[in-house]
Amino acid sequence: MRQPGTEPVTLEERCRAYATVMPHGMFFSHTTAAELYGLPLPKALCGVVHVAAARPRRAPRAAGIVRHRVTLEPDAVRDLAGLPVPPPVEVLCELAPMLDHDSLVQLGDALLRRTDPFTTAAELRETVDAAVGRPGIPRLRTALEAVRARTDSPMETVLRLAIVRGGLPEPHVNYRVDLGEHAAHLDLAYPDRRIAIEYDGDHHRTNARQFHLDVDRLWRIEAGGWRIVRVNRSHLTAGATEAVTRIRLALATVGRNTPLPGW
């Protein structure tokens with residue numbers, strides 16, 4: 001609990017402070033709602049408090065608040081741990097004019113994530129199709145073509161987009177492979193070549209339990225006849241040239257007699 005007399009620091013603290021004086025019917029929107037949902041955003045857009053009102057109402061002026069007026073049914077607003085926010089798919093539509101292509105794909109992937117997804121692909125497409133005339137929607141429709149379900153992290157999306165942009169076939173997302181008594185989900189995979197592409201985030205290095213689990217998991221995958229290409233953040237700099245080069249080399253040297261679809 002914050003001590004009396006101290007100022008709210010985090011975005012959530014500032015939202016809760018403003019919520020005590022926010023007029024009825026207003027809600028947190030845009031990047032604010034995305035952050036509250038835990039969705040991935042460019043750091044430059046984080047930390048700003050956006051408040052919206054459904055037309056014809058208008059959010060009042062307030063210091064440190066970015067106001068918006070949106071088209072949204074009042075009963076669509078939901079409660080997120082005591083804070084009013086739009087549905088996650090509506091948040092994606094609100095952010096369409098603010099985000100570039102790759103950021104929109106990352107956000108769309110996050111909505112369809114493997115664990116506890118926020119929505120379905122059908123609902124996502126239906127909402128975007130109904131958002132005719134809203135700013136940024138043509139760009140969002142293009143981004144949806146690259147959105148895939150069942151991702152586990154934004155960096156997996158970054159890697160997948162870099163692979164395709166590098167001229168390689170698109171890999172499967174979170175491909176499930178049975179390994180005797182165990183099963184594993186490969187971050188990205190070319191099943192026809194038995195090539196697994198694993199992205200190692202910092203938690204794979206700093207979390208001792210995760211590190212030990214990874215050692216056993218990767219051993220089982222390799223023992224099952226798969227070649228593993230491990231990638232980390234350093235390999236995604238400079239247009240992910242190093243990551244794409246390593247994956248290209250694996251494709252060129254494994255299963256030469258088994259052509260990949262599209263090759």
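- Using a cut-off of 4.0 Å between Lys/Arg side-chain N and Asp/Glu carboxylate O, Arg217 and Glu198 are scored as salt-bridged.
- Residues passing the salt bridge (Lys or Arg N to Asp or Glu O under 4.0 Å) test with Glu145 are Arg125, sequence neighbours excluded.
- Remark: Glu222 CD is packed, more than 12 non-hydrogen atoms of other residues, nucleotides or ligands lying under 6.0 Å away.
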Can you give each donor-acceptor pair under 3.5 Å made by side-chain atoms of residues 115-123, sequence neighbours left out, with the distance rounded to 0.1 Å?
residue : atom : partner : partner atom : Å
Thr119  : OG1  : Glu123  : OE1          : 2.5
Thr120  : OG1  : Glu123  : N            : 3.1

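- For Arg55, the CZ atom counts as densely surrounded, since its 6.0 Å shell holds more than 12 non-hydrogen atoms of other residues, nucleotides or ligands.
- Between the Glu13 side chain and the Thr10 main chain, a donor and an acceptor come within less than 3.5 Å of each other.
- Formation of a donor-acceptor pair under 3.5 Å by the Asn174 side chain with backbone atoms of Arg150 is found in this model.
- Ile228 and Ile195 are assigned to two separate hydrophobic clusters, defined by single-linkage of ILVMFWY side chains at heavy-atom distances under 4.5 Å.
- Residues Leu41 and Thr31 come closest through the heavy atom pair CD1-O, 3.6 Å.
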Practice problem: Under the side chain to side chain contact (heavy atoms under 4.5 Å, CB included) rule, what do Val85 and Phe28 come out as? Steps first, then yes or no, please. | Solution: CA-CA 5 Å; Val85 292; Phe28 297 102; 4.3 Å; yes
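- A distance-only check finds a donor-acceptor pair linking the side chain of Arg14 to the backbone of Gly47 [under 3.5 Å].
- A side-chain contact (heavy atoms from CB on, under 4.5 Å) with Val66 is found for one member of Val49, Val48, Val51 and no other, namely Val48.
- Residues His30 and Leu95 form a side-chain contact, since some pair of their non-hydrogen atoms from C-beta on lies under 4.5 Å apart.
- For the residue pair Arg160 / Thr151, no side-chain donor-acceptor distance below 3.5 Å is found, with atom types taken as modelled.
- At a threshold of 4.5 Å between non-hydrogen side-chain atoms, the residues Val70 and Ser29 do not count as touching.
- For Arg194 (side chain) and Gly224 (main-chain N/O), a donor-acceptor pair under 3.5 Å exists by modelled atom type.
- Not one N or O on the side chain of Thr237 forms a donor-acceptor pair closer than 3.5 Å with the backbone of Arg233.
- Under the 3.5 Å distance criterion, the side-chain polar atoms of Glu242 are left unmatched by any main-chain donor or acceptor of His235.
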Practice problem: Show your reasoning for whether side chain to side chain contact (heavy atoms under 4.5 Å, CB included) applies to Leu179 and Ile221. | Solution: CA-CA 7 Å; Leu179 302 168; Ile221 294 170; 3.9 Å; yes
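- Put simply, the side chain of Arg134 never gets that close to the backbone of Pro97: no donor and acceptor are under 3.5 Å apart.
- Between Glu156 and Arg148 no salt bridge is recorded (no basic side-chain N to carboxylate O distance below 4.0 Å).
- One N or O on the side chain of Tyr190 and one on the backbone of Pro169 form a donor-acceptor pair closer than 3.5 Å.
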